[in-house]
Amino acid sequence: MPYVNIQVTREGVTPEQKSQLIKGATDLLVDVLGKTPSTTFVVIDEVEMENWGIGGLPVEAFRAQVSLNGR
């Protein structure tokens, strides 16, 4: 009974995109591990931007730094 937790920043992920993520994660577990789709759980959590950090910085500051550095 696999459980997959996908966390994304709350930036307007559409219901269609969420559906694709759920199907894609389920299909991957079926293809790679032979798991049963009906017992595979996928949960998508949307995290507020101020609660997400990368490289020691809040995500918005990290993105601004990367944008300035061209990476």
Side-chain angles (χ1 to χ4, degrees):
M1 185 158 71
Y3 167 82
V4 177
N5 181 241
I6 299 172
Q7 295 184 333
V8 296
T9 53
R10 190 178 305 260
E11 295 180 84
V13 178
T14 67
E16 293 80 16
Q17 290 171 320
K18 290 177 186 179
S19 181
Q20 289 177 328
L21 286 170
I22 291 166
K23 182 173 181 349
T26 301
D27 289 348
L28 181 64
L29 286 164
V30 169
D31 294 345
V32 175
L33 299 177
K35 296 299 181 179
T36 305
S38 63
T39 59
T40 299
F41 297 86
V42 179
V43 175
I44 299 170
D45 290 323
E46 291 184 273
V47 179
E48 296 295 337
M49 293 286 285
E50 63 267 13
N51 295 332
W52 195 287
I54 305 170
L57 298 170
V59 69
E60 292 186 88
F62 178 83
R63 288 178 179 172
Q65 184 180 51
V66 168
S67 178
L68 289 174
N69 293 331
R71 297 190 232 170

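Computed over heavy atoms, backbone and side chain alike; hydrogens, waters and symmetry mates excluded. Since we're looking at a predicted model, the values are computed, not measured.
Listed by chain and number, the residues in a salt bridge (charged side-chain N to carboxylate O under 4.0 Å, His left out) with Glu11 are Arg63 (sequence neighbours excluded). Remark: Glu16 pairs with Thr14 by the side-chain contact (heavy atoms from CB on, under 4.5 Å) rule, at least two apart or across chains. With sequence neighbours excluded, the residues that form a salt bridge (charged side-chain N to carboxylate O under 4.0 Å, His left out) with Glu46 are Lys18. Partners of Ser19 under the side-chain contact (heavy atoms from CB on, under 4.5 Å) rule, at least two apart in sequence or in another chain, do not exist in this structure. The salt bridge (charged side-chain N to carboxylate O under 4.0 Å, His left out) search around Lys35 returns none, not counting sequence neighbours.
In this structure, Ile54 CD1 and Thr9 OG1 are separated by 8.0 Å, a value rounded to the nearest 0.5 Å.
In this structure, Val13 belongs to a hydrophobic cluster whose other members, linked by side-chain heavy atoms under 4.5 Å apart, are Val4, Ile6, Val8, Leu21, Ile22, Leu28, Leu29, Val32, Leu33, Val42, Ile44.
Counting all heavy atoms, side chain and backbone alike, Met49 lies closest to Glu60 at CE-CG, 3.3 Å.
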